[in-house]
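Read through the structure below, which is laid out as structure tokens, and then see the notes.
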Amino acid sequence: MDFGVIAFSNTHSAMRTERYLREKFPIQMMPTLRNIAVTCGISVRFRPRDAEGVAAAMRELNLPREDYQIYGVEYDGRIVDLK
Amino acid sequence: MSIQIDARGQNCPIPVVKAKQAIDAGEREILVVVDNNTAVENLQRLADSHDFRTTVESDGGSIYRVSFVKAEGVELSARELGAAEPAAPNSDWTVLVGADMMGRGDPELGRSLIKMYFYTLAQGGELPASIVFLNAGVKLPTLDDQIAEHLRALAARGVEILVCGTCLNFYSLTDRLQVGTVSNMYDISQRMQRVGKVISL
């Protein structure tokens, strides 16, 4: 995996996630990749090594589960669903 | 004959303003005495852009004597002399960042948007010649780690990053600059004038 991304169904969930995760992980805000089919244009990028921690933190944050989706982006650009 | 300017104890733009006045008055040899390294760098850039050579003497403490001598045979520009001025390939535009957010409205949304802007810019193939930060925009290359990282990548590809020294001073952020060159209004206005397009955020 090159990097991980969290995509969102709405902007407020994206910004709540940023506030929560930025204290814990070196995340970056990035535009949602064109081949990810979600409505919100903001995604959160994280390092592969933080994948488990980010997933756990997202469960703690307790957003509605349909509000976000976690993906991994491979070096060849393929996007895999991390659940 | 050379003219001497004692600019010790004078903040950011003043030593440059006085040297510029002397240049505009037609002086060909100018000695400026200053007491901080930022002023030395600003004076050197002023000299480069007006075809002056500089030599700097330090007393070993904080006093610097910067001598300007008009380059004879003037056609040699600073760039031809190999004196810095990184050139991004084929770029004829500058990005002017006058705020710490993008657009007007919600500040938190605006800060997310501007992070994404620099993410996108750093990923892209077309680069500006320079990026200028002023007013609250100086919070980005100082306090925002994500944007500082993108700016380092852009600088490594030849984009000049200029940060307003007056503004850093105003916000007490001078010591926290992570990337870029402390700059003044002469440099900033020159960068904007000599490109075909300025994108103002």
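Below, chain A is the first sequence line, B the second, and so on; all start at residue 1.
Taken from CD in Gln190(B) to OG in Ser183(B), the straight-line distance is 9.5 Å, to the nearest 0.5 Å.
For Asp106(B), the part lying near chain A is the side chain, with the backbone staying farther off; criterion is any non-hydrogen pair under 4.5 Å. For Gln28(A), the parts sitting under 4.5 Å from any heavy atom of chain B are the backbone and the side chain alike. Looking at Ile147(B), there are no atoms closer than 4.5 Å to chain A (heavy atoms on both sides), in backbone or side chain.
A donor-acceptor pair shorter than 3.5 Å cannot be found between the side chains of Glu27(B) and Ser2(B). One side chain, Glu41(B) or Asn37(B), offers a donor N or O that lies under 3.5 Å from an acceptor on the other. Tyr64(B) and Asp59(B) share no donor-acceptor pair across their side chains, judged by distance under 3.5 Å alone.
Comparing Arg22(A), His12(A), Glu18(A) by heavy-atom pairs within less than 4.5 Å of chain B, the highest count is held by Glu18(A).
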